[in-house]
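For reference, the structure is listed below as structure tokens.
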Amino acid sequence: MKKFTALFKDSMEELKYVNTVTIMAMFAAISVVLGYFTLVLGDYLKIGFSTIANQFVYYLFGPVVGAAFGGALDILKYIIRPTGAYFPGFTFSAMVGGVLYGCFLYKHPIRFVRVLAAELTVSIICNMLLGTLWLSMLYGKAFMALLPMRVFKNLIMWPVNSMLFYTIGKTLEASGVFRLLRNAGRSKAVL
């Protein structure tokens, strides 16, 4: 339990550094741009890869930063490019996803099994359960009517997203980019 508490404490400390905020902004910009390449298959189903950029923030800075980043980015993406009505449940799901990814990935080396486990957990909790619940509430459709196609989509995307994050992450890790991002400009923000 101490390790778990320390994980959140260390992640909270990351917010004191200027480079954390600038790196978050950089990855937010990448995520917004990748969001323009989302394939929309109706009101209930979208396939996109903007979460890959988000996962690097969760990996680098942990669950607390992940929750703040996920929530802020969800609102920012809606302001920049609204697709449908704004619903705070999706912001909550983005925050929960940031916490879950951060718990799995922060301060751990990138291993394929760990990435698969993180992606599956987020897919089940945030996408299949919470996302389907929000869509059911938003559009007045039965939860069980929406669930099968969302489960199918997430089971297809689970290994694809996992492989993408793992491959890009291992490449960036091997090239020293993550080490550079973590250590560059470790000056505390004046608040």
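What's counted below: heavy atoms across the whole structure, side chains too, no hydrogens, waters or symmetry copies.
- Between the SG atom of Cys126 and the CG atom of Leu133 there is a distance of 12.0 Å, given to the nearest 0.5 Å.
- Looking only at atom types and distance, the side chain of Glu173 has a donor-acceptor partner in the side chain of Tyr59 under 3.5 Å away.
- Once rounded to the nearest 0.5 Å, the distance linking CG of Leu146 with CG of Leu135 reads 6.0 Å.
- The distance from the NZ atom of Lys107 to the CG atom of Asp10 is 3.5 Å, given to the nearest 0.5 Å.
- Contact of the Tyr78 side chain with the Thr91 side chain is not registered, since no non-hydrogen atoms from C-beta on lie closer than 4.5 Å.
- Between Gly62 and Ser11, the shortest heavy-atom distance links the atoms C-OG, 3.3 Å.
- Proximity of a side-chain donor or acceptor of Asp74 to a complementary backbone N or O of Gly70 within less than 3.5 Å is not detected.
- Not one N or O on the side chain of Ser31 forms a donor-acceptor pair closer than 3.5 Å with the backbone of Ala28.
- A side-chain donor-acceptor contact under 3.5 Å links Arg81 to the backbone of Gly35.
- Between Leu138 and Phe90, the closest side-chain pair of non-hydrogen atoms falls below 4.5 Å.
- Other residues, nucleotides and ligands contribute at most 12 non-hydrogen atoms within 6.0 Å of the CE atom of Met12.
- Annotation: the span from Tyr86 atom OH to Ile79 atom CD1 amounts to 9.0 Å, rounded to 0.5 Å.
- Summarising the geometry of Asn161 relative to Ile52, their closest heavy-atom pair is O-CD1, 3.8 Å, with the distance given to 0.1 Å.
- The minimum heavy-atom distance between Trp134 and Gly89, with the atom names listed, is NE1-O, 2.8 Å.
- Contact detail for Phe104 and Ala117: the closest heavy-atom pair is CE2-CB, 3.7 Å.
- Between the side chains of Tyr101 and Thr51, no donor-acceptor pair is found at a separation under 3.5 Å.
- No more than 12 heavy-atom neighbours from other residues, nucleotides or ligands sit within 6.0 angstrom of CZ on Phe152.
- For the pair Pro82 and Lys77, the minimum side-chain heavy-atom distance is 4.5 Å or more.
- Between Phe112 and Lys170 there is no side-chain heavy-atom pair separated by less than 4.5 Å.
- Nearest heavy atom pair, residue Cys103 against residue Leu7, reads CA-CD2, 3.7 Å.
- Counted within 6.0 Å of CZ on Phe92, heavy atoms from surrounding residues, nucleotides or ligands total 12 or fewer; the atom is thus considered open.
- Side chains of Leu73 and Leu76 form a contact here, defined as non-hydrogen atoms less than 4.5 Å apart.
- Across all their heavy atoms, Leu181 and Ile23 have their closest contact at O-CD1, 3.1 Å.
- A donor-acceptor distance shorter than 3.5 angstrom exists from the side chain of Ser162 to the backbone of Trp158, with no hydrogens or angles considered.
- A distance of 8.5 Å separates CD of Glu119 from CG of Leu116, quoted to the nearest 0.5 Å.
- Side-chain rings of Phe56 and Phe178 approach one another, their centers coming within less than 6.0 Å.
- When atom types are taken as modelled, the side chain of Arg114 and the backbone of Leu105 share no donor-acceptor pair closer than 3.5 angstrom.
- The backbone N or O of Leu164 sits nowhere less than 3.5 Å from a side-chain atom of Thr167 that would complete a donor-acceptor pair.
- Between Ser93 atom OG and Asn127 atom CG the span is 8.0 Å, to the nearest 0.5 Å.
- With hydrogens and angles disregarded, a donor-acceptor distance shorter than 3.5 Å links the side chain of Ser136 to the backbone of Lys141.
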